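Computed from a predicted structure; not experimentally measured. Order of the sequence lines sets the chain letters (A, B, ...), proteins ahead of strands, with each chain counted from 1.
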2 protein chains.
Amino acid sequence: MDTKSMIIDTATMLFQLKGYLGVGLNEILKACNISKGALYHHFPNGKEELLIACLEALNETIIKDMEDIFGRYPSTLEATDAMVNQLITHFETEKTLIGYTFSSIVSEMAALSDPVRIVCAQLYQDMQDIYFNKLVADGFSEDKAYSFALMMTASIEGGMMLCLTQKATEPLRVISQALANSLKEF
Amino acid sequence: MDTKSMIIDTATMLFQLKGYLGVGLNEILKACNISKGALYHHFPNGKEELLIACLEALNETIIKDMEDIFGRYPSTLEATDAMVNQLITHFETEKTLIGYTFSSIVSEMAALSDPVRIVCAQLYQDMQDIYFNKLVADGFSEDKAYSFALMMTASIEGGMMLCLTQKATEPLRVISQALANSLKEF
DNA sequence: GTCTATACGGTGATAGAC
DNA sequence: GTCTATCACCGTATAGAC
């Protein structure tokens, strides 16, 4: 793999783990075994440019993964269940939700940097669109699909935050079940 | 007001606005018009001790406010609606959700500091308990009340993050409505 | 209880050799 | 394209005078 991709991969992991401000350039350089010159060659505008590249790469990964799951299962109910189960399994084995959430970056940077905020908004929007399309395919009206897709995005993101603070998987389990129940009645 | 309380109030606001790592001691000092000596006199263990004091104060404020609202309205449905409307109004007039969320601190620090993580978990738990008790008073079984209270906590927190990234109030509006619908069917 | 002065490591960033 | 050397600045924390 080329250097630029390696920097993005490594930095993405570190940013998700410790937040944007929590990771220094030196830490990224050490993890990559490269020097400052190399990093600034690939990202002339420095750390924020790197962050945006990371968020874009992360977006692609998350959306691809979700599209894969939502393509494999016949209904929103089953796809959501599978997706949340994957989150839970990952959290149990890896003790982290790295690769699935970027809430630390959102909440850290949304008020500080507009370019970063916009990329994050896009990521949430892409996720929400996947839910929306599947719900419409399930036969829901566009109005209902819109509301429920938003609800799914918010509650799953909030559920991940609860899991992280509690160091437990129960919040996501309960939310998955509650979403399933709501979906049946919606 | 005494110096210590003033430091806590000012720091709480800054931490919520820019995150824990995003605010330096110097910035807090300047906003308070005090010196380093004064701060370290009141918080000998430094910045993290100050953060925990801030989270505890914030906890008290949020819970008191929520208990007030949930005491004034007859049902969970009406109380939640009033609470979310208050959030929305605040966001529209102040352009911030300061005073209501601490997600930036949670997601930044949950993986880094166990004491901070535990205080945050307690805050979520206290909020969830308020929902739970009101739902039980509404006549829901403890099982259902538990699930729904968790769902409320997660979706409202997630909804605030969506509002912050989009600079819009619609996510919380939609979530409030969706929660009301789910509640009727639950 | 509050101040000033200082210590020291780390920050993001730049310049120029190879 | 990658390196090393260096920059000015800011971070938290401490010591000691008043």
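Classification of the A/F102-A/Y124 ring pair by plane angle, with boundaries at 30° and 60°, yields tilted.
Computed from coordinates, the B/D2 CG to C/dT2 P distance equals 9 Å when rounded to whole Å. As a whole-Å value, the separation of B/I28 CD1 from D/dC10 C1' is 14 Å. In this structure, CG of B/L29 is placed 10 Å from P of C/dT4, rounded to the nearest angstrom.
For C/dT2, neither phosphate oxygen OP1 nor OP2 lies less than 4.0 angstrom from any side-chain nitrogen or oxygen of B/H41. Note on A/T3: a side-chain N or O is less than 4.0 Å away from OP1 or OP2 of D/dT2. Considering only side-chain N and O atoms, B/H42 lies under 4.0 angstrom from the phosphate OP1 or OP2 of C/dT2.
At a cut-off of 3.5 Å, with distance as the only test, no side-chain donor of A/T101 or A/Q16 sits close to an acceptor on the other residue. Side-chain contact annotation: B/Y100 with B/Q86, donor-acceptor N/O pair under 3.5 Å present.
Side-chain atoms of B/S5 never come within 3.5 Å of backbone atoms of B/M1 as a donor-acceptor pair (strictly under, hydrogens ignored).
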task = Scan nucleotides 11-18 of chain C nucleotide by nucleotide, 5' to 3', and note B when protein non-hydrogen atoms come under 4.0 Å of the base, S if they reach only the sugar-phosphate, - if neither.
result = BBBB----
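Taking the ring centre of A/F140 as origin, the terminal cationic atom of A/K134 falls outside the region bounded by 6.0 Å and 45° from the ring axis.
Shortest non-hydrogen contact noted between A/E27 and A/G22 is OE1-O, 4.1 Å.
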